[in-house]
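Numbered from 1 within each chain, the chains take letters A, B, ... in sequence-line order.
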Protein chains: 2
Amino acid sequence: MTRPQQTISEKTIERLSVYRRYLKELQKQGKERVYSHELSKLVSGTPAQVRRDLMPVGGNGCSSKGYEVNLLIEEIAKLLDCNDKQNIALIGAGNLGRALLGYLSGSRDNYDIVALFDNDPEKYGRVICGKRCYCIDQLAEKIKEYKITTAILAVPGEAAEATAEILIGTGIKAILNFAPKHITTSSTVFIETLDITKALEKAIYFSRKNT
Amino acid sequence: MTRPQQTISEKTIERLSVYRRYLKELQKQGKERVYSHELSKLVSGTPAQVRRDLMPVGGNGCSSKGYEVNLLIEEIAKLLDCNDKQNIALIGAGNLGRALLGYLSGSRDNYDIVALFDNDPEKYGRVICGKRCYCIDQLAEKIKEYKITTAILAVPGEAAEATAEILIGTGIKAILNFAPKHITTSSTVFIETLDITKALEKAIYFSRKNT
DNA sequence: TAGATTGTTAATCGATTAACAATC
DNA sequence: TAGATTGTTAATCGATTAACAATC
């Protein structure tokens, strides 16, 4: 039974995104039902955690028969996407930005990168990987026009803070930041930083700790 | 006082990496000493957490005078890098791989991407962004030759598991994985996955929850 | 029915924060 | 000295896991 609207933890949201990905694979394989212990094995979790994570998505689990794959995918989509295709902006059309564009384009049905932005006149005005690139100055205008709520920030570290400030000023609701900079703000924007250097230094540290 | 060898949590290691980055900036700015509350503000943490994180790096903090910036950088380097330049392999010379190569090359003094690997004959044998690209078949050989302990995995999702298995077979100690796949293993390799899609879907979800 | 799995509460575990004596 | 900050232990908080009645 779903509670009216318990807030769901960030970790649970992350895992739901991953469960969905695996569920779609199972769907392709023609699997109709799945048990919590099967799903948990795919992500090295515990069955209890899977069941707990699935509580807020609306209990369509069935004792002894597990979860219906199709239904579960649908319910997770309702929760994560609101059945709404989200328009995304990508700020920074350098190497990393273009790689991300390639990586995130294609068969995604819940979001779509609709516009790029860069401050390099060599880049804006052009179409890059099938997407139009605008000048940073047009950020506010285009974000409104395309109804963009989430931005991916792939600019060099030095430019990250200033660009983030502009973004936040436009009323954007979430930022996925790839610059190695912590972004401080007093607003309620949700900011998620994927810090590549941090992750690599962590891996290097633990490479030495194992055996 | 440093304890013989308490194991340090992953979260603390991550934060130490970030502290170091900011400390280097402070160093450039000519700042000689720093308080825990200053450092904490830069990462939106608490002073108590900073002090706690710094305990295992060897207490060079001084009551009322804070920490010496230069010394702290050195001590963190001792802990994270062992004062040893680490040789890294990059597997996958596609868009993402090449972007990562550009991103991680340059003025890094604690690690160095020394070899690329790809299974595309168009790519291996060539020099890409200044680094030689080898065929995946040469993985074991070259990893031994270059004394590589950590690998960055930037291959397409479909290839991730098989490639990871080969990697683990070579005796690599840590993997930084960019493929949207959970990698299961019975070995002790340290595996860190940076899941871009997961992070984006999370940002999209919370873009709707704010206000 | 018997066996297995779910949803959910209680117990456990780990990480963060508060507090404070020691120190500069 | 008085004020401020550190190192570290104790208290709190949140997330994970265990347990089990309800159910298929």
**OP:** Go along nucleotides 16-24 of chain C 5' to 3' and tag each nucleotide: B for a protein heavy atom under 4.0 Å from its base, S when only backbone or sugar atoms are that close, - otherwise.
**Re:** SBBB---BB

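One side chain, B/Q27 or B/N70, offers a donor N or O that lies under 3.5 Å from an acceptor on the other.
Test B/L176, B/T185, B/L167, B/L153 against B/I191 for side-chain contact (heavy atoms from CB on, under 4.5 Å) and you get one pass: B/T185. A/Q86 pairs with exactly one of A/N110, A/T149, A/T150 by the side-chain hydrogen bond (donor to acceptor under 3.5 Å, both in side chains) rule, that one being A/T149.
With sequence neighbours excluded, no residue forms a ring-ring contact (aromatic ring centres under 6.0 Å, His included) with B/Y22.
We find that B/K198 and B/E201 are not joined by a salt bridge, their nearest charged nitrogen and carboxylate oxygen being 4.0 Å or further apart. For the pair A/D84 and A/K78, the salt-bridge criterion is not met [side-chain N within less than 4.0 Å of a carboxylate O].
In terms of phosphate contacts, B/S36 brings no side-chain nitrogen or oxygen within less than 4.0 Å of OP1 or OP2 of D/dT5. At C/dG3, none of the side-chain N or O atoms of A/Y35 fall inside 4.0 Å of OP1 or OP2 (strictly under the cut-off).
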Original post:
Where do A/R20 and A/L79 land on the side-chain contact (heavy atoms from CB on, under 4.5 Å) test, with the steps shown first?
Top reply: CA-CA 11 Å; A/R20 170 163 64 174; A/L79 186 84; over 6 Å; no

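For the helix from C/dG3-D/dC24 to C/dC24-D/dG3, the angle separating the two terminal helix axes comes to 10°, with each axis derived from five pairs and the value rounded to 10°.
The closest side-chain heavy-atom distance from B/F190 to B/E10 is below 4.5 Å.
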